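Everything on this sheet refers to the single structure shown next.
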Amino acid sequence: KNRVRCFVDFHLRMHESVKRARELVAKNKLGKLTYIEMKWSIGTLGQTKLPPLPRHMQWREKVLQAGGGAIMARGVHLFDLLRFITGMEINEVRAYMDNTPSTVDRTTIGIVLTDKKTPVVIVTSKIIPEADNSIALHGTKGRLIIRDLFSSDSGTLYTKVFDEFARAQNGKKTVLATLEDGLAVIAITGAFISSSGKKRAVRVR
């Protein structure tokens, strides 16, 4: 009987710094994680208005087609990385988004609480020039900061995704994101949007 195997392209899982961070957390090298910061933004100095996107990318600015701006371009990857590196689930979200009924968000900021009661600050934006993009894990035994992740060559990571998929098809254990991982990220994204709209904390379903 033929089976269809599906994965979600969260390509940042392929980065060596992410794999190493996941390993260190799993081995309890940082101790109990007490606080996490995740920041990934772009922007240009002196620019007050975003330039138009290329024609094939203009759907990203349309609310009904894209569903969101910064949160969909980068936020979803941060949500997956948090789950992948730490093994934690996000239980509660308190978010701010600057979207309107007719425009997608330029900036999304959230304070989330994991199932281990670890607070996490997540920031992503299209209008923060020279942003300090990093992931910082603070634990009772030490601190780990990843700074090279978001400046890496995405093409190389995509190639690694395809290589990993081929290995998975041959029955090898894989770190690729499953459909369940994708659904978890969708639930978190929905909670961010709901929290921002209601202006209060919401639970992740």
Side-chain angles (χ1 to χ4, degrees), residues 7-41 70-71 74-96 107-125 128 130-154 156-157 160-161 164 167-168 172-192 195 200-205:
F7 299 98
V8 181
D9 183 21
F10 286 129
H11 63 289
L12 295 178
R13 288 186 174 208
M14 298 295 104
H15 197 283
E16 291 305 317
S17 292
V18 169
K19 293 180 181 179
R20 181 58 175 160
R22 174 180 163 94
E23 178 184 345
L24 291 173
V25 171
K27 291 182 177 180
N28 199 36
K29 296 295 185 181
L30 300 180
K32 175 181 172 57
L33 294 177
T34 56
Y35 174 62
I36 299 171
E37 279 190 0
M38 310 183 79
K39 299 176 292 184
W40 186 13
S41 299
I71 194 173
R74 286 168 295 281
V76 292
H77 292 280
L78 295 178
F79 305 155
D80 179 68
L81 286 175
L82 175 61
R83 297 180 67 252
F84 180 66
I85 292 173
T86 69
M88 297 178 184
E89 297 294 342
I90 295 177
N91 279 357
E92 185 177 282
V93 171
R94 181 66 174 94
Y96 161 80
T107 298
T108 288
I109 301 171
I111 300 175
V112 309
L113 193 65
T114 72
D115 55 349
K116 301 298 183 182
K117 306 300 182 184
T118 304
V120 184
V121 172
I122 298 175
V123 178
T124 183
S125 176
I128 300 179
E130 297 188 344
D132 178 21
N133 294 326
S134 62
I135 294 176
L137 307 170
H138 299 262
T140 55
K141 294 181 180 179
R143 179 184 68 172
L144 174 66
I145 300 179
I146 305 173
R147 295 194 183 279
D148 61 338
L149 175 58
F150 305 118
S151 60
S152 59
D153 177 19
S154 58
T156 299
L157 296 180
K160 289 183 178 181
V161 168
E164 185 73 7
R167 285 192 289 272
K172 303 294 184 181
K173 186 177 180 179
T174 180
V175 296
L176 292 175
T178 64
L179 292 183
E180 288 75 18
D181 293 321
L183 289 172
V185 168
I186 289 173
I188 296 165
T189 304
F192 263 71
S195 173
R200 63 173 175 81
V202 301
R203 299 285 293 179
V204 178
R205 296 181 179 179

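The structure presented is a predicted model; accordingly, all values stated were derived computationally and were not measured.
- Summarising the local packing, NZ of Lys19 is surrounded by more than 12 heavy atoms from other residues, nucleotides or ligands at distances under 6.0 Å.
- Within the 4.5 Å cutoff, no side-chain heavy atoms of Asn133 are placed close to those of Ser151.
- Atom OG of Ser154 sits about 14.0 Å away from atom CE of Met14, to the nearest 0.5 Å.
- A distance-only check finds no donor-acceptor pair linking the side chain of Glu164 to the backbone of Leu176 [under 3.5 Å].
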Residue pair His15, Asp148: steps toward the side-chain contact (heavy atoms from CB on, under 4.5 Å) verdict: CA-CA 9 Å; His15 197 283; Asp148 61 338; 3.4 Å; yes

List the steps and the verdict of side-chain contact (heavy atoms from CB on, under 4.5 Å) for Tyr35 and Leu137. CA-CA 6 Å; Tyr35 174 62; Leu137 307 170; over 6 Å; no

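- Judged by distance alone, with hydrogens and angles left aside, the side-chain atoms of Ser17 form no donor-acceptor pair with the main-chain N or O of Leu149 at under 3.5 Å.
- Judged purely by atom type and a 3.5 angstrom limit, Thr34 uses its side chain to pair as donor or acceptor with the backbone of His138.
- Remark: Glu23 engages Lys27 in a salt bridge, criterion side-chain N to carboxylate O under 4.0 Å.
- Considering CG of Asp80 and CG of Leu12, their distance stands at 8.5 Å, rounded to 0.5 Å.
- One finds the CD1 atom of Ile135 at 8.5 Å from the CG atom of Leu82 (value rounded to the nearest 0.5 Å).
- Atom CD1 of Ile111 has 12 or fewer heavy atoms from other residues, nucleotides or ligands within 6.0 Å.
- Counting only heavy atoms from C-beta outward, the side chains of Val123 and Met38 never approach each other to under 4.5 Å.
- Considering CD of Glu180 and CZ of Arg83, their distance stands at 9.5 Å, rounded to 0.5 Å.
- Taking the six-membered ring where the residue is Trp, Phe192 and Phe79 present tilted rings, their angle falling between 30° and 60°.
- Between Arg13 and Asp181 there is a salt bridge, with a side-chain nitrogen of the basic residue lying less than 4.0 Å from a carboxylate oxygen of the acidic one.
- You'll find the side chain of Leu24 reaches within 4.5 Å of the side chain of Leu144, heavy atoms only.
- Under a 4.0 Å N-O distance rule, the pair Glu92/Arg94 does not qualify as a salt bridge.
- Annotation: the span from Phe7 atom CZ to Thr174 atom OG1 amounts to 5.0 Å, rounded to 0.5 Å.
- Residues Lys32 and Lys141 fail the side-chain proximity criterion, which asks for heavy atoms closer than 4.5 Å.
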List the steps and the verdict of side-chain contact (heavy atoms from CB on, under 4.5 Å) for Asn91 and Thr114. CA-CA 5 Å; Asn91 279 357; Thr114 72; over 6 Å; no

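- Interatomic distance, Leu183 CG to Ile188 CD1, rounded to the nearest 0.5 Å: 11.0 Å.
- Between the side chains of Ser125 and Thr107, at least one donor N or O lies within less than 3.5 Å of an accepting N or O.
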Check the pair Arg147 / Asp132 against side-chain contact (heavy atoms from CB on, under 4.5 Å), numbers first and verdict last. CA-CA 8 Å; Arg147 295 194 183 279; Asp132 178 21; 3.0 Å; yes

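- Shown here for Phe10 and Gly182, the closest heavy-atom pair between the two residues is CE1-CA, 4.4 Å.
- Of all heavy-atom pairs between Val204 and Val93, the closest is CG2-CG2, 3.8 Å.
- The side chain to side chain contact (heavy atoms under 4.5 Å, CB included) with Thr86 is formed by just one residue from the set Leu33, Leu30, Thr118; it is Leu33.
- The shortest heavy-atom contact between Leu113 and Pro119 is CD1-N, 4.0 Å.
- Remark: the backbone N or O of Met88 is not paired with any side-chain donor or acceptor of Asp115 at under 3.5 angstrom.
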